[in-house]
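What follows is a single structure, written as C-alpha cells, with notes after it.
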Protein chains: 2
Amino acid sequence: MQDINKILDAAEASCSASGARLTDKRKQVLSCLLQSQKAQSAYDLIQGVKENYGATMQPTTMYRILDFLESENLIHKLQLANKYIYCSHISCDHSHEVPQFLICNSCDRVVEIDVNSELIKSLTRTVEQVGYTLVSPQLELDCLCADCAAHAA
Amino acid sequence: MQDINKILDAAEASCSASGARLTDKRKQVLSCLLQSQKAQSAYDLIQGVKENYGATMQPTTMYRILDFLESENLIHKLQLANKYIYCSHISCDHSHEVPQFLICNSCDRVVEIDVNSELIKSLTRTVEQVGYTLVSPQLELDCLCADCAAHAA
DNA sequence: GCAGAAATGATACAGTATATCATTGCTCTG
DNA sequence: CAGAGCAATGATATACTGTATCATTTCTGC
C-alpha cells in the first residue's frame, strides 16, 4: 500500500485530465476508502467521513459521490456485498485489466486481481454463443480470507 | 423449456429424497419462478403468488421459502441483481456443474450455463495464491440480452 | 390422540437506494 | 467583475431489500 497522499494526488491529476473536479467531499470519501482494505457500504462511509472529518452527508450525496468516483475509475462497486472498495490501480502506469475481486464474506476484506485475459476471452465467447452481450466482465468471488478461514476452522 | 408440471414433480421427488417437504406455499413460489425466464425479487414473488394463487405471504415467509428452495438446489439467488431464478437442472439426470449466469441488466432475463471446468480450476488457483478460499465459484455476468441490445442500439 | 418438530404468521425494524425539488458554488464569457 | 449557466450539494421523503423475534398452526411418528 502506497502513501495515501500520493494516491490522492494521482486521483486529482486523473480527474483534471478528464475535466472533472475532485472536490473536498469527494476527496474525503475517497480517503476513507483508501484507509481500509475492507469494502464499506454507503452508510459505513457516511459514518466514516463524520468521524474523520466532521462532515455530515445525506445518503443522496454519498451515492452521488460514489457514482462519480466509480465513473472516474477511482473505486469499484462490489455487487456481491453492496459495498465499495478503492481501485488498486489509481497510481499505476500500466493500463487497466478487467478486475477480479476476492471478497471475504466474513470480514469484507478485498483483494483485487487482474483477470487472466484467456479467461475473459473464454467467457466472452460463451456469452456470444447465446446471443448476449457482456456489459462488464468484472468478476466477484465469494471467498474467505486466510484469517477468517483460520477462525472458522 | 419443459412442462412445468413435470419439473414440479421432479422437484417434489428430489425433496422427498432428501427428507424435505415441498409444501403448497413452496410449490407456489417455485411455480412463479418456473413461469418466467426472468429473475424476480422476493417482493416480485410476493406479488406473483398473490396474483396467481390468491395467497398472501409476508416477507419473512417469502425469504424463508426462498432459502429453503435454494438449499434444495431448486433455485439460485443472483447476488448481482438481488433476485431469484429457478435452477435449470431440476429434472436433469447429469450432475450439477458450477453455474454461471448471464443476466440482462435491462430486463432481468437470465441464461444459466455450466462453467468450463478449466476456468474454475484456473480461478481456484488464483484465489489460493493470495491465501483466500473460494466459498462459492458461482459466476454472474452483467450482460444485455439480444432484445435489449437491439433496442438500445 | 399426543408430543415434538417443522412450517408459517405477525409485527417491528434495520439496511440499501432513489426520486424530487431547492440551494449553493464554480467557471467562463462578455 | 457581473451575471448566466452548469456542476455540486442539501433536504425531505419514500421505496426496496432483508432480518429479528415471538406466536401460532400444521404435520409426523409414536
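Residue numbers begin at 1 in each chain, while the letters A, B, ... track the order of the sequences.
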For [X] and [N], what is the distance between atoms [atom1] and [atom2] respectively, to the nearest whole Å?
{"X": "A:Met62", "N": "C:dT16", "atom1": "CE", "atom2": "C1'", "result": "13 Å"}
{"X": "A:Leu66", "N": "C:dT18", "atom1": "CG", "atom2": "P", "result": "11 Å"}
{"X": "A:Leu69", "N": "D:dA7", "atom1": "CG", "atom2": "C1'", "result": "15 Å"}
{"X": "A:Ile46", "N": "C:dG15", "atom1": "CD1", "atom2": "C1'", "result": "11 Å"}
{"X": "A:Met57", "N": "D:dA8", "atom1": "CE", "atom2": "C1'", "result": "12 Å"}
{"X": "B:Asp44", "N": "D:dT17", "atom1": "CG", "atom2": "C1'", "result": "11 Å"}
{"X": "B:Gln47", "N": "D:dA15", "atom1": "CD", "atom2": "C1'", "result": "15 Å"}
{"X": "A:Tyr63", "N": "D:dT9", "atom1": "OH", "atom2": "P", "result": "17 Å"}

For nucleotides 20-28 of chain C, print each protein N/O atom paired with a nucleotide N/O atom at under 3.5 Å, atom names and distance only.
from: C:dC26; atom 1: O3'; to: A:Arg21; atom 2: NH1; distance (Å): 3.3

Just to confirm, is there a sub-4.0 Å distance from OP1 or OP2 of [N] to any side-chain nitrogen or oxygen of [X]?
{"X": "B:Ser41", "N": "D:dT17", "result": "yes"}
{"X": "A:Thr23", "N": "D:dT9", "result": "yes"}
{"X": "A:Lys27", "N": "D:dA8", "result": "no"}
{"X": "B:Lys25", "N": "C:dA6", "result": "no"}
{"X": "A:Asn82", "N": "C:dA17", "result": "yes"}

TODO: Could you walk me through whether A:His89 and A:Asn73 pass the side chain to side chain contact (heavy atoms under 4.5 Å, CB included) test, one step at a time?
DONE: CA-CA 9 Å; A:His89 299 100; A:Asn73 297 311; over 6 Å; no

To the nearest 0.5 Å, what is the distance between [atom1] ([X]) and [atom2] ([Y])?
{"X": "A:Glu112", "Y": "A:Ile103", "atom1": "CD", "atom2": "CD1", "result": "11.0 Å"}
{"X": "A:Ile65", "Y": "A:Gln28", "atom1": "CD1", "atom2": "CD", "result": "8.0 Å"}
{"X": "B:Leu119", "Y": "A:Leu139", "atom1": "CG", "atom2": "CG", "result": "8.0 Å"}

TODO: Give the nucleotide from the list D:dT19, C:dT11, C:dT8 with an atom nearest to the side chain of B:Arg26.
DONE: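 Among the listed nucleotides, the one closest to the side chain of B:Arg26 is C:dT8.
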
Task: Salt bridge present between B:Glu72 and B:Arg26 (N-O < 4.0 angstrom) - done: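 A salt bridge is absent here (no side-chain N lies under 4.0 Å from a carboxylate O).
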
Open item on the list: Counting the benzene-type ring for Trp, do A:Phe101 and A:His76 have ring centres under 6.0 Å apart?
Closed with: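 Judged by ring-centre distance (under 6.0 Å), A:Phe101 and A:His76 do meet the cut-off.
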
Open item on the list: Quick check: on DNA chain D, is the nucleotide nearest A:Phe68 upstream (toward 5') of the one nearest B:Ala42, or the reverse? Name the residue that is more 5'.
Closed with: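 Closest to the 5' end, via its nearest nucleotide, is A:Phe68.
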
Task: Quiz item: A:Tyr43 side-chain donor-acceptor pair to C:dA14 base, under 3.5 Å - done: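 Looking at the base of C:dA14, it does not pair with any donor or acceptor on the side chain of A:Tyr43 (distance under 3.5 Å).
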
TODO: Given side chain to side chain contact (heavy atoms under 4.5 Å, CB included), test B:Asp67 with B:Arg64 step by step and report yes or no.
DONE: CA-CA 5 Å; B:Asp67 285 348; B:Arg64 275 190 291 226; 5.6 Å; no

